[in-house]
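Right, one structure below, let's go through it.
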Amino acid sequence: MKARVIPPVLAGEKISALAITEPSGGSDVAALTTTARRDGDDYVVNGSKTYITSGLRADFYTVAVRTGGEGAGGISLLLIERDREGFTRTPLKKQGWWASDTATLYFDQVRVPVENLIGAENQGFAGIMRNFNSERIGMTAGAVGFSRVCLEDAIAWARERKTFGKRLADHQVIRHKLADMYKRISTTQAWLETLAWRIQQGEQPIAEIALLKVQATETLEYCAREAMQVMGGAGYMRGSRVERIYREVRVNAIGGGSEEIMRDLAARQMGI
Ligand SMILES: Cc1cc2nc3c(=O)[nH]c(=O)nc-3n(C[C@H](O)[C@H](O)[C@H](O)COP(=O)(O)OP(=O)(O)OC[C@H]3O[C@@H](n4cnc5c(N)ncnc54)[C@H](O)[C@@H]3O)c2cc1C
C-alpha cells in the first residue's frame with residue numbers, strides 16, 4: 001500500500017486527505033462514530049466526515065473509523081480511494097485557506113478491502129496523535145512566517161506614512177506595537193527551534209508542542225490585528241498581504257487542535 005500510494009502523492013501526481021473530524025464534533029476524536037464493520041475480506045464503512053482539507057479533489061483518504069468498542073481503543077485508520085462505490089462528497093465555502101478545497105464526505109455502505117487497514121486494527125488513535133505532533137509543528141512554523149510578513153509590512157508602512165507632521169514610526173504608540181510584534185515573534189521562533197531540535201533528537205514533547213501551537217496562533221492573531229491597525233484602511237483592502245493573512249488567523253487557532261484543546265492536552269500531560 002505504501003508503494004502504491006506514497007510515491008505518486010510525494011511526486012504531486014495524486015492528492016491525499018486526512019479525514020478525522022465528523023459533523024458531530026472534531027475536538028473529541030475518541031468519540032468518533034463512523035463505523036467500519038468487518039464483512040469477509042472487506043470492511044463496510046458508514047458515516048460522515050466534515051471540514052476535510054482537499055476533500056473534493058483527493059485521490060486517497062486516510063479515514064478514522066470505529067472498528068471496535070467505545071473510546072480511543074476502538075479506532076482504526078483505513079485508506080479509502082475516491083472511486084469506491086457509496087463514497088460521495090459536497091464542497092464547503094470558508095473564510096480563508098482558499099488554496100485548498102474543503103468538503104464533507106459521506107460513506108454509505110462503502111466496501112473497502114481489509115488490506116487497506118493502516119497499522120493494526122483498533123490502534124489508529126496513537127497514529128492520529130503522532131501525526132498531530134508534526135502537523136502542529138508545521139502550523140506553528142506557518143504562523144511564525146505569517147506573523148513576520150505582518151511585521152514587515154507594518155514596518156514598511158510606518159516608515160513611509162506621515163500623520164500629524166511625522167512618520168507613523170515616530171509615534172510612540174506605533175513604535176511599541178512594532179516592538180511588541182517583534183518580541184512575540186522572536187520568542188515563538190526560539191521555542192519552535194528548540195522543540196524542532198529536541199524532536200530531531202528523538203524526543204516527543206507533546207505538551208510543549210501543544211502549547212507552542214497556542215503561542216504561535218496567539219502571536220499570529222496579535223500581529224495580524226496590530227499590522228492592520230498600523231496600516232489603517234490600506235491594510236483592510238484586498239491586495240494587502242495583511243488582509244490576506246487576517247483571513248487565515250482563525251483556522252490556525254481551530255484546525256489541528258483548537259487552542260482550548262491544546263491547553264487541556266498540555267495540562268493532562270503535565271499531570272494536572
Ligand atoms: C479550514 C479547515 C480545514 C480542516 N481540515 C481538516 C482535515 O483535513 N481533516 C480533519 O479531520 N479535520 C479538519 N478540520 C477540522 C478541525 O480539526 C476541527 O474543526 C477542530 O478539531 C475542532 O473541531 P470542531 O470544529 O468540530 O469543534 P468542536 O469540537 O465542536 O468544538 C467547538 C469549540 O469548543 C471548544 N471545545 C471543545 N471541547 C472543549 C473542552 N473540553 N473544553 C473547552 N473548550 C472545548 C473547541 O476548542 C472549539 O473552540 C478542518 C477545519 C477547518 C476549519
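Note that ligands are numbered from 1 as they come in the structure, with each ligand's atoms numbered from 1 the same way.
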Discussion item. I'd like the residue list for ligand 1, meaning every protein residue with a non-hydrogen atom under 4.0 Å from the ligand.
Written reply: Leu18, Ala19, Ile20, Thr21, Gly25, Gly26, Ser27, Tyr51, Ile52, Thr53, Lys94, Trp97, Val251, Ile254, Gly256, Ser258, Glu260, Ile261
Can you tell whether the side chains of [X] and [Y] come within less than 4.0 Å, N to carboxylate O?
X: Glu221; Y: Arg225; answer: no
X: Asp180; Y: Lys177; answer: no
X: Glu115; Y: Arg4; answer: no
X: Glu243; Y: Arg247; answer: yes

Item to complete: Compare every heavy atom of Gln95 with every heavy atom of Trp98, then report the nearest pair and how far apart it is.
Response: NE1-O, 3.2 Å
Worksheet item: Hey, are the side chains of Lys213 and Asn252 touching, using non-hydrogen atoms and a 4.5 Å cut-off?
Response: no
